[in-house]
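Working notes for the structure below.
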Amino acid sequence: MNNTVVLVVEDDASVRNLITTTLKTHDYRYLTAVNGKEAVMMAATHNPSVVFLDLGLPDMDGIDVIRQIRTWSNMPIIVISARSEDSDKTEILDAGADDYLTKPFSVEELLARLRVTERRLMLMNADGSPDQSVYTNGKLTIDYSAGCASIGGEELKLTPMEYRLLCLLARNTGKVLTHTYITQNIWGRSWDNDIASLRVFMTTLRKKLEASPDSPRYIQTHIGIGYRMVRVD
Ligand code: CA
């Protein structure tokens, strides 16, 4: 049996059953909630490893569920949304969600998101140990204490801004970071100009980091939303 416990929050019985059947088939343990109030209560009392959260709940908006859970916990929250607008996704991620799935989604997609989140959880737990000053992902290595990064043993000649950007993405491997989140972390503010600059820094960073910058392996683009560092096996 898998140690991951998934809280499934979904009022639509057919979607809920699809998710729970998938989880059961793959040996995940799960709990269910059918509205926002129940979701917040279950999250607080059972401390699940991951939450799958439908946004359109009968009693409250899913975004408010995220905000309430975030007042006391960083547990990963993957939003299941029927809304396809980029601005909604940005709002969801900025409210503290880790990832999103757009309805209709496939079982494979659901499991893939869950695996990404599990890996991130493992890293988050590993980060608590003292000698996590070196980050590795595929051929990429970041030595946080020395303040340098290399790819395949070759040091990357990064500008301070590119290095900060790379570290921010690496520390959140598996998580989609919105443009606003990134610019606020790097510049301490988020203006339209900053988002345009971010694109420029991302282009130069990718040229140094990626073997083929046009089909990046490490940093995924979420158009209109932000970027995600992917774990490369
Ligand atoms: Ca719903």
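Just follow the structure's listing: the first ligand is 1, and inside any ligand the first atom is 1. Scope of the values below: all heavy atoms of this structure, side chains included, with no hydrogens, waters or symmetry mates.
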min-distance N/O/S atom, Asp54 vs the Ca ion (ligand 1), resolves to OD2
Could you tell me whether any N, O or S atom belonging to Leu55 is less than 3.0 Å from the Ca ion (ligand 1)?
-> no
Within the stated cut-off of 3.0 Å, is an N/O/S atom of Asp12 closer than that to the Ca ion (ligand 1)?
-> no
Test item: side-chain donor near acceptor, Ser212 and Asp214, under 3.5 Å | no
Would you call Arg113-Asp99 a salt bridge at under 4.0 Å N-O?
-> yes
The atom name of the N, O or S atom in Asp11 nearest to the Ca ion (ligand 1) is OD1
Charged N-O contact under 4.0 Å between Asp94 and Arg70 | no
Looking only at side chains, do Ser145 and Asp143 share a donor and an acceptor under 3.5 Å apart?
-> yes
